[in-house]
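Take a look at the structure set out below.
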Number of protein chains: 2
Amino acid sequence: MRTSSPTADPKGEPLESTLEARAELFQDAMGFSGISDREILKLAAMATLRRFTKGQMIFEQDQPCDYFHLVASGLVKVYICSASGFRMTYLLARRGEPLNLVGPFTGDPRFLCAEAMQATDVAHIPRHGFVRFVADNPILFSNIMAILSKAVDSANSRLIDMVEKRVEERLLRVLLTLLDKFGSEIRLTSAELAELAGTTVETTLRTMARLRSLGIIESERGQITIIRPASLKNPERLPLWV
Amino acid sequence: MRTSSPTADPKGEPLESTLEARAELFQDAMGFSGISDREILKLAAMATLRRFTKGQMIFEQDQPCDYFHLVASGLVKVYICSASGFRMTYLLARRGEPLNLVGPFTGDPRFLCAEAMQATDVAHIPRHGFVRFVADNPILFSNIMAILSKAVDSANSRLIDMVEKRVEERLLRVLLTLLDKFGSEIRLTSAELAELAGTTVETTLRTMARLRSLGIIESERGQITIIRPASLKNPERLPLWV
DNA sequence: GCTTTTGTATGACCGTGGTCATAGAGGCTA
DNA sequence: TAGCCTCTATGACCACGGTCATACAAAAGC
């Protein structure tokens, strides 16, 4: 039934898991609220878990999309990569967050790459099964649309930021977003922050030095601590989606 | 039945139209392929046409989304507007193109504004009716997802362009896109081009002067003619989505 | 133990492009 | 015809931030 398109085998190590554990994962996954337990079990039955090590790719750009991916544990960055190697991270996903909501519907290759930032487990559902499931549970459509609308808005909002905001402002917005999502202890390197803010490592380090001298943050290798969260919460500054 | 939320009356002048004319519009509208004629008639029955003059707003940001909009004639730009007044156009829609595919599903206010660039007619469908129609015609979901996936990819791709491409390259990409969509005669001003490329009018004018001296384009007031289309078709350079 | 790699830190340089200014040409209305 | 607005055009200025360089500390590998 499958065409002989250049599909890629899923990466990562297969992982044993119980149906209940998978069901529990989908139960409170982003975008899956309002689905009955019985339906959730169908999803869980289709899913398989795979384990990825730090730095391992979960999917790469220009590959057809054969699976829907949902993070079960760990942390994943989803980014786009330009021809010249420039990266822009636009999603940091942890347990319960999907990596590719759109891809499974078309199956077409996209620009996106996903990479594990830590040891990470990811649930895979074959795309056709996923699409059929969504068709059977129309509530999912509204959920997915709501998420996509945020994603599109966020991307467009960042576009404007790139034009009219300087690096410091963009970095503050990234920090605010991370504060909302991960709390005041942010375990990211300057390189990772740079990819989120759309700038270089050097400029990020310089800007961080300024923020440190202002007493807004403290930092050590691989970790940033936000000392004065209030100073990030400028009413002009909304958190990004991610 | 309607809540007393701060809904805005639709703008523009009501326009008489026949059911057949509206059906014909939806027939070949973007994203509506694969719908039976009988179903199309239902859509057409829900729709009303409104006329807008050049410069008139079709919807504005932070307004709840009460209608699905489809362009029947003319040209509309959909853009986001920053607090400081900076604009970034991300869609030029003409006959058959929807203005807000996502909004009707959530109804929430978004960042977007839509403005008529010429005398323009737009079909309005109340959002609840539209959502119900989509639920009854699941093919629409895949169509919409396919369009959204392009929109998200395009936004992300432009994000990368903003970081690593200089203005000339971005402008060339915009010109290539416009060439594909409108042909070699592009009836836009430098200000409109600037909003598409994410730069200022002055820089656009300077860059256009350079392209003119290279013999790539010719231009007069309100119009750009691409003389050497081949020179835009660098294999590195993909057209944007719109 | 050593070496290598990764992350942080900072200086020097300078190009792109934003801002402000001025000016003229084309089009519209009164 | 005058007056006004829009669009085009171009010069002068300079700051933000990218690039390249060096240095050092911490972690990781062998």
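FYI, side chains are in, hydrogens and waters are out, and symmetry mates aren't considered; it's all heavy atoms of this structure. Keep in mind that this is a model prediction, so the values were computed, not measured.
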In plain terms, say whether Arg170(A) and Asp161(A) are close enough for a salt bridge, that is, a side-chain N and a carboxylate O under 4.0 Å apart.
-> no
Taking all heavy atoms of Asp62(A) and all of Pro109(A), pick out the closest pair and write down the distance.
-> C-CB, 3.4 Å
Glu220(A) CD to dA9(C) P, in whole Å, measures 11 Å
Nearest whole angstrom, please: distance from the P of dG15(C) to the CD of Glu169(B).
-> 20 Å
Arg187(A) side chain reached by Leu75(A) side chain, heavy atoms, under 4.5 Å = no
Rounded to the nearest Å, what distance is computed from the CG atom of residue Leu188(A) to the P atom of nucleotide dT6(C)?
-> 18 Å
Tell me: CE of Met162(A) to P of dG18(C), nearest whole Å?
-> 12 Å
Specify the separation, in whole Å, of atom CD of Glu164(B) and atom P of dG18(D).
-> 12 Å
Do Ile224(B) and Leu178(B) have side-chain heavy atoms sitting under 4.5 Å apart?
-> no
Out of dA21(C), dT10(C), dC7(D), whichever nucleotide has its closest atom nearest the side chain of Leu205(A) = dT10(C)
Just how far, in rounded Å, is C1' of dC14(C) from CD of Glu202(A)?
-> 15 Å
Can you figure out which of dT8(D), dG18(D), dA9(D) approaches the side chain of Arg212(B) most closely?
-> dA9(D)
Rounded to whole angstroms, how far apart are CD on Glu218(B) and P on dA9(D)?
-> 12 Å
Answer yes or no: does a side-chain N or O of Thr199(A) lie under 4.0 Å from OP1 or OP2 of dG18(D)?
-> yes
Would you mind telling me which of dG17(C), dA27(D), dT19(D) lies closest to the side-chain atoms of Arg221(A)?
-> dA27(D)
Give a yes/no answer on whether the side chain of Arg206(A) brings an N or O atom under 4.0 Å of OP1 or OP2 in dT8(C).
-> no
Donor-acceptor pair under 3.5 Å: do we get one between Arg210(B)'s side chain and the base of dT10(D)?
-> no
Can you tell me if the side-chain N/O atoms of Ser190(B) get under 4.0 Å from OP1 or OP2 in dC7(D)?
-> no
With under 30° as parallel and over 60° as perpendicular, where do the rings of His69(B) and His124(B) fit, or are they tilted in between?
-> perpendicular
Below 4.0 Å: OP1/OP2 of dG17(D) and any side-chain N or O of Thr203(A) = no
In whole Å, what is the span from the CE atom of Met117(A) to the P atom of dG7(C)?
-> 10 Å
